Amino acid sequence: RRKLVQELMVSYQSSERQALEAMGWPRSSHRYESRKDRQEALRMRLKELAAIRVGYGYRRLHIMLKREGWEINHKRVYRLYHDEGLGLRKKPPRRRVSSVKREIHPTATQQNEAWSMDFVADELFDGSRIRVLTLVDNHTRESLSLMPGQRIRGIDVVEALEAVTKVKGFPKRIKVDNGPEFISRSVDLWAYFNGVTLDFSRPGKPTDNAVIESFNGRLRDECLNQHWFVSLDEACAVTESWREDYNRVRPHGALGNRTPSGFAWEVRGQAQVPALHGEPLGRPHVGGGVTTQDSRSRGGPVAGRAAH
């Protein structure tokens with residue numbers, strides 16, 4: 001109504017009183033100003049979190065605010081989220097009516113029952129192509145390793161798996177696609193001698209490995225698309241920092257908005273999640289951290305003989 005009053009005043013060169021009388025609207029209602037608290041502090045903090053957590057919607061931002069001690073419900077966060085224009089429009093995928101539901105694969109019910117492994121492509125500032133090896137536990141949703149590199153071979157994948165299994169133990173199976181690194185002799189020998197089953201997805205069916213595809217989407221939206229890497233070392237440092245944040249800070253909807261590390265410690269029956277290590281970023285550490293390109297290029301042949 002206020003907007004209509006202004007249009008009448010401009011169109012007919014009338015006063016505010018005349019426009020209100022023509023509309024039959026009380027002048028007191030027109031000039032009323034709400035005394036409700038605009039919650040500027042909450043608005044500012046919400047915008048700060050949205051700027052830092054670019055890919056987060058209002059539900060995850062609500063969880064982050066509750067962790068900081070804000071006594072608010074999700075409906076208020078939703079209202080302020082839209083008032084400040086923070087909503088992100090994501091086009092939903094088209095669904096075909098004639099599509100047939102594929103066979104449902106068993107869901108992992110315990111830690112180390114199933115891991116998923118894949119690659120994500122990106123590039124440096126000069127256009128040089130890089131890829132990031134991603135490794136996730138399907139039950140706890142922990143990111144076990146992120147390894148950027150410009151030339152990642154099967155032996156490099158084995159080195160990354162060895163670094164993780166020294167701390168996490170061996171999985172029963174690893175879900176992978178049919179990429180040349182995963183069907184290589186090095187990975188095949190490593191899996192055979194360690195009693196690990198390689199569960200290959202069907203060609204052209206990335207949804208067979210939905211857990212890692214979902215994780216790769218988060219990695220791209222929240223990390224890779226937010227940075228312009230100058231060098232491979234910087235890519236290693238940034239991705240490792242994001243991995244720590246993903247495991248220990250970011251709420252995960254599939255885990256009841258708990259963090260993957262917190263859920264993993266609950267599964268193991270521990271009391272609390274340990275504090276973040278004070279190690280420099282970009283260096284290998286327990287839990288399958290990043291490795292440098294030089295260390296990956298020094299890989300030797302896999303010990304043992306083939307099972308054939």
Side-chain angles (χ1 to χ4, degrees), residues 1-7 25 28-97 107 120 134 136-143 207 210-227 238-239 241-267 272-273 276:
R1 288 189 178 184
R2 290 185 174 88
K3 185 177 180 180
L4 184 57
V5 170
Q6 295 299 324
E7 292 178 356
W25 195 25
S28 59
S29 298
H30 176 70
R31 293 197 168 188
Y32 175 78
E33 295 183 1
S34 175
R35 298 181 181 179
K36 188 177 180 180
D37 183 14
R38 280 183 48 83
Q39 299 180 315
E40 295 295 342
L42 177 58
R43 289 174 183 266
M44 290 179 61
R45 184 54 184 157
L46 183 62
K47 287 191 289 186
E48 290 174 359
L49 287 175
I52 297 172
R53 313 284 179 173
V54 179
Y56 282 20
Y58 79 94
R59 291 188 181 276
R60 281 203 173 90
L61 292 176
H62 172 239
I63 295 171
M64 302 297 291
L65 289 170
K66 287 187 66 177
R67 288 181 181 177
E68 295 179 0
W70 294 88
E71 296 295 334
I72 50 176
N73 60 22
H74 69 279
K75 292 180 288 186
R76 180 176 300 180
V77 175
Y78 177 80
R79 177 173 57 83
L80 299 180
Y81 183 80
H82 282 276
D83 286 349
E84 298 297 331
L86 303 176
L88 298 175
R89 181 180 179 273
K90 294 187 176 181
K91 185 177 180 180
R94 296 183 62 183
R95 301 297 182 190
R96 301 293 183 183
V97 178
T107 303
V120 180
T134 57
V136 175
D137 188 303
N138 288 11
H139 181 58
T140 65
R141 305 302 172 94
E142 278 187 292
S143 173
T207 51
V211 173
I212 197 67
E213 293 296 336
S214 175
F215 173 81
N216 290 345
R218 304 287 79 75
L219 172 64
R220 184 171 298 283
D221 291 342
E222 299 174 12
C223 180
L224 300 182
N225 289 351
Q226 306 303 321
H227 296 88
V238 171
T239 54
S241 177
W242 181 86
R243 191 182 75 88
E244 293 282 3
D245 181 86
Y246 176 88
N247 283 339
R248 304 190 181 187
V249 178
R250 184 186 187 277
H252 202 296
L255 304 176
N257 293 323
R258 290 169 289 185
T259 64
S261 290
F263 179 73
W265 276 67
E266 290 181 16
V267 170
Q272 60 183 0
V273 181
L276 290 173

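Please read all numbers here as calculations on a predicted model, not as lab measurements.
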>> Between Glu213 and Thr207, does the side-chain contact (heavy atoms from CB on, under 4.5 Å) criterion hold? Intermediate values first, please.
In response: CA-CA 7 Å; Glu213 293 296 336; Thr207 51; over 6 Å; no
>> Before you tell me yes or no, could you show the steps for Thr239 and His227 under side-chain contact (heavy atoms from CB on, under 4.5 Å), namely the whole-Å CA-CA distance, both residues' side-chain angles and the distance that decides it to 0.1 Å?
In response: CA-CA 10 Å; Thr239 54; His227 296 88; over 6 Å; no
> Shortest non-hydrogen contact from Ile72 to His62?
Replying inline: O-NE2, 3.1 Å
>> Tell me every residue that passes ring pair (Phe, Tyr, Trp, His ring centres under 6.0 Å) with Tyr58, counting only those two or more places apart in sequence or in another chain.
In response: Tyr78
>> I'd like to check the salt bridge (Lys or Arg N to Asp or Glu O under 4.0 Å) partners of Arg60; sequence neighbours left out, ordered by chain and number.
In response: none
>> Tell me if a side-chain donor or acceptor on Glu142 pairs with a main-chain N or O of Val136 at a distance below 3.5 Å.
In response: no
>> Tell me every residue that passes side-chain hydrogen bond (donor to acceptor under 3.5 Å, both in side chains) with Glu40, counting only those two or more places apart in sequence or in another chain.
In response: Arg38
>> Going by the rule side chain to side chain contact (heavy atoms under 4.5 Å, CB included), which residues pair with Gln39 if we only count those two or more places apart in sequence or in a different chain?
In response: Asp37, Leu42, Arg76, Arg79, Leu80
> What residues form a side-chain hydrogen bond (donor to acceptor under 3.5 Å, both in side chains) with Glu7, not counting sequence neighbours?
Replying inline: none
> Distance from Asp245 atom CG to Thr259 atom OG1, nearest 0.5 Å?
Replying inline: 10.5 Å
> How many angstroms lie between CZ in Arg218 and CH2 in Trp242, if you round to the nearest 0.5 Å?
Replying inline: 8.5 Å
>> For His139 versus Phe263, what's the shortest heavy-atom pair and its separation?
In response: O-CE2, 3.6 Å
>> Using side-chain contact (heavy atoms from CB on, under 4.5 Å), reason through Arg250 and Tyr56 one step at a time and then give a plain yes or no.
In response: CA-CA 9 Å; Arg250 184 186 187 277; Tyr56 282 20; 2.5 Å; yes
>> Checking Trp70 now: which residues fulfil ring pair (Phe, Tyr, Trp, His ring centres under 6.0 Å) with it, not counting sequence neighbours?
In response: none
> With sequence neighbours left out, what residues match Asp137 under side-chain hydrogen bond (donor to acceptor under 3.5 Å, both in side chains)?
Replying inline: Trp115
> Between Arg243 and Ser143, which heavy-atom pair has the shortest distance, and what is it?
Replying inline: NH1-O, 2.6 Å
Could you tabulate the donor-acceptor pairs under 3.5 Å formed by side-chain atoms of residues 45-52, not counting sequence neighbours?
{"residue": "Arg45", "atom": "NE", "partner": "Glu68", "partner atom": "OE1", "Å": "3.0"}
{"residue": "Arg45", "atom": "NE", "partner": "Glu68", "partner atom": "OE2", "Å": "3.2"}
{"residue": "Arg45", "atom": "NH1", "partner": "Glu48", "partner atom": "OE1", "Å": "3.1"}
{"residue": "Arg45", "atom": "NH2", "partner": "Glu68", "partner atom": "OE2", "Å": "2.5"}

>> Contact between Pro260 and Thr140 at the side-chain level, heavy atoms closer than 4.5 Å - yes or no?
In response: no
>> Going by ring pair (Phe, Tyr, Trp, His ring centres under 6.0 Å), name the residues that satisfy it together with His252, two or more places apart in sequence or in a different chain.
In response: none
> Quick one: CG on Leu219 to OG1 on Thr134, what's the gap to the nearest 0.5 Å?
Replying inline: 7.0 Å
>> Please enumerate all residues that pass side chain to side chain contact (heavy atoms under 4.5 Å, CB included) together with Ser28, with sequence neighbours excluded.
In response: Pro26
>> As an exercise, state the distance from CG of Asn216 to CD1 of Ile212, rounded to the nearest 0.5 Å.
In response: 5.0 Å
